Asker: 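Below are the structure tokens for one structure; questions will follow.
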Amino acid sequence: MLFRRRGWTPEQYHEWSDRMLAEQRTFTVPTTVPSPDGAGPETVLRFCFTHPRTTLADVAAVLDTLA
């Protein structure tokens, strides 16, 4: 799943990702995708859920850190 935090720079995505890993909350890395308006690549977060016991509450807790 891809998530966009409007207004964030690529550096902010990387800082968030580094902080989440340091806190051992999640290993969620930024990636780039074509922007919807065709203006070039856009940085977003790529979530990949592989643990079978991941709950919606787990996902919501991670998303809450983006608020």
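FYI, the numbering just counts along the sequence from 1. No experiment lies behind these values; they were computed from the predicted model shown.
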Asker: Assess whether atom CG of Leu2 is packed by more than 12 heavy atoms of other residues, nucleotides or ligands within 6.0 Å.
Answerer: yes
Asker: Not counting sequence neighbours, which residues clear side chain to side chain donor-acceptor pair (under 3.5 Å) with Thr9? List them please.
Answerer: Glu11, Gln12
Asker: Can you name the residues that form a side chain to side chain donor-acceptor pair (under 3.5 Å) with Asp18, not counting sequence neighbours?
Answerer: none
Asker: So which pairs with a foot in residues 33-49 pass side-chain hydrogen bond (donor to acceptor under 3.5 Å, both in side chains), sequence neighbours left out?
Answerer: Arg4-Glu42, Ser35-Asp37
Asker: For the atom pair NE2 (His51) and CG (Asp58), what is the distance rounded to the nearest 0.5 Å?
Answerer: 9.5 Å
Asker: Report the hydrophobic cluster partners of Leu63, with the cluster defined as I, L, V, M, F, W, Y residues connected by side-chain heavy atoms closer than 4.5 angstrom, directly or transitively.
Answerer: Met1, Phe3, Trp8, Tyr13, Trp16, Met20, Leu45, Phe47, Phe49, Val59, Val62, Leu66
Asker: Using the test side chain to side chain donor-acceptor pair (under 3.5 Å), find all partners of Thr31 that sit at least two apart in sequence or belong to another chain.
Answerer: none
Asker: Distance-only check: which donor-acceptor pairs under 3.5 Å involve side-chain atoms of residues 23-30, not counting sequence neighbours?
Answerer:
unit_1, atom_1, unit_2, atom_2, d
Thr26, OG1, Thr28, OG1, 2.6

